[in-house]
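Following: one structure in structure tokens, then a few remarks.
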Amino acid sequence: MTGDDKTTFSDQAFWDRVQTSPERPLATSERVGDEEVEVADALDQLVRYRRTIGDPESSPPVGLTRRMARLFGDVRPDLVIRRQPLSSLIDRAAGGVQRLTASMVIDTGTLVGGIAGLRAAADRRTRQVAFVSEVADLDLELTMMESAGMPWAVTGQLGMSTVPPEQTIWFVPAGQVPVSGDLEPRAVDEAVQAPVNPDGYFTVSLIAGDWVGFVEVGDAVVLFREIRV
Amino acid sequence: MSRPWDASRDGGDASLLAACLVGDEQAWATLVERYTRLIFSIARKSGLNEEDAADVVQNVFTIVLRRLEALQHPERFSSWLITTSHRESWRVGRGRLDTSSDDAIEPVDPQPPTDHQVIELEHATLVQEAVGQLDDRCRQLIESLFLADDRPSYDEISQHLGIAIGSIGPIRARCLKRLRAQLQTVGVVDASV
């Protein structure tokens, strides 16, 4: 193989390794074994790789990758999924604690100003959804990301008389929450938790689908059903 | 120089970024595994020592995390990452490390990466990914033969991998063929050849 773009034979450090296999005679630049002919492409790509970032100087220190993996929880604790079961919350919801289901009053994805039969405005990339209940209201703005397949950006506000410290809101895939009847204690996978600030605001990313919001308010658990993302 | 592998990359980084947005830490770990060497290499080739290059890696990944929602074209994530790494390397080199504010006015890198550099770095990432997709035995052999920094001898490879010295050649050939198939999958090698 010859040619300016065929770097294989000009990278002596690399080909020294290839050529010193004891069972094969030393190959010249014009003679290659059968397997090298068939896999010349792979070898060329390896040489090209080695020239770019495959050199010893490019080797990151031991442990760097592991430290970078831990950045996720440090920089974006808001994104870390709490995979512990929601059983404590759902236990309380299923038990004697007051259980409230909020009522949806606005969904601009289906209605305009509460008037049935009219579609939302032309901008379907952003929707507003609103719920009311005896103890907490919920306003949501759902924004579709530009790239297909990306989660929706959800900005929300809990309307409460006072937002307690460390208030959170949970979003659970609707398929994991019974539509009617008593809630059952269960471990819930893929739940998403968002911290709520003192003004009731929170942000969260949700993949497309149907979700149920859970908020614990004093002795009550409020469910916000039919959140369609 | 063309990028024949662009189409094959759709969904790889984009899927991982989407998963990160819903809190998937394993997706983040995969992204880190995929790109740490690339970022570190860019920093080192910019003239930074190991410690500063490691700082660049952390800076860049921190930027990625903070801007997850704002990445408008995740399908071009690797290109964006390369450019960002160059810029951060330049900033660290000038001693002007500032990742505390995304609103800060960013100085213009007087030597942004050339198109050729970006293409070569993207290519390198794909080759790394293709090697990573091999079975453990092939991956270890390929890495030992062609990618190891210390270039072990056949005796050392034989002992380390439990392969008879006389078998290294034939196994190497099989593994290179498998690597070629992986390179075709990621679009680095033309599948029609």
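Below, each value reflects all heavy atoms present in this structure, side chains not excepted, and no hydrogens, waters or symmetry copies. In what follows, every chain begins at residue 1, and chains take the letters A, B, ... in the order their sequences are listed.
One distance of note links OG1 of A:T143 with CD of B:E69; it measures 11.5 Å at 0.5 Å rounding. Note that CZ of A:R67 is 12.0 Å distant from CZ of B:F61, once rounded to the nearest 0.5 Å. Interatomic distance, A:T52 OG1 to B:L38 CG, rounded to the nearest 0.5 Å: 9.5 Å. Here the CZ-OG1 distance, from B:F40 to A:T65, works out to 10.0 Å after rounding to the nearest 0.5 Å.
A salt bridge does not link B:E25 to A:R70: none of the charged side-chain nitrogens sits closer than 4.0 Å to a carboxylate oxygen.
Side chain of A:R76 to main chain of B:L65: a donor-acceptor pair is present (N/O by atom type, distance under 3.5 Å, no hydrogens or angles). Panel note: side chain B:K45, backbone A:S58; no donor-acceptor pair is recorded below 3.5 Å.
With respect to chain B, the highest number of heavy-atom pairs below 4.5 Å among A:G54, A:S59, A:A153, A:G73 belongs to A:S59. Contact tally against chain B (heavy-atom pairs below 4.5 Å) for A:P61, A:S205, A:A69, A:P60: the top residue is A:P60. Ranked by heavy-atom pairs shorter than 4.5 Å toward chain A, the options B:E33, B:Q26, B:Q128 are led by B:Q128.
Both the backbone and the side chain of A:D55 come within contact range of chain B, with heavy atoms under 4.5 Å apart. Neither the backbone nor the side chain of B:V64 comes within contact range of chain A; no heavy atom of the residue lies under 4.5 Å from a heavy atom of that chain. Of the atoms belonging to B:I142, it is side-chain heavy atoms, and not backbone ones, that fall under 4.5 Å from chain A. Residue contact with chain A, scored on non-hydrogen atoms closer than 4.5 Å, involves the backbone and the side chain of B:L121 alike.
Closest non-hydrogen pair, B:C20 versus A:F72, comes out as O-CZ, 3.4 Å. When every heavy atom of B:W28 is checked against every heavy atom of A:M68, the shortest pair comes out as NE1-O, 3.0 Å. Minimum heavy-atom separation, A:I53 to B:A124: CG1-CB, 3.6 Å. Smallest separation of non-hydrogen atoms from A:R50 and B:F146: NH1-O, 2.9 Å.
Side-chain contact between B:V127 and A:R48 is absent, with no heavy-atom pair separated by less than 4.5 Å.
Atom CZ of A:R228 is surrounded by 12 or fewer heavy atoms from other residues, nucleotides or ligands within 6.0 Å. By the 6.0 Å contact criterion, CD on A:Q157 is enclosed, its count of non-hydrogen atoms from other residues, nucleotides or ligands being greater than 12.
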Going through the checks in order, is the side chain to side chain contact (heavy atoms under 4.5 Å, CB included) test met by B:L147 and A:Y49?
CA-CA 9 Å; B:L147 304 180; A:Y49 168 85; 3.6 Å; yes

Check the pair A:L46 / B:L179 against side chain to side chain contact (heavy atoms under 4.5 Å, CB included), numbers first and verdict last.
CA-CA 10 Å; A:L46 288 173; B:L179 175 61; 3.8 Å; yes

Between B:V32 and A:L71, does the side chain to side chain contact (heavy atoms under 4.5 Å, CB included) criterion hold? Intermediate values first, please.
CA-CA 10 Å; B:V32 164; A:L71 271 183; over 6 Å; no

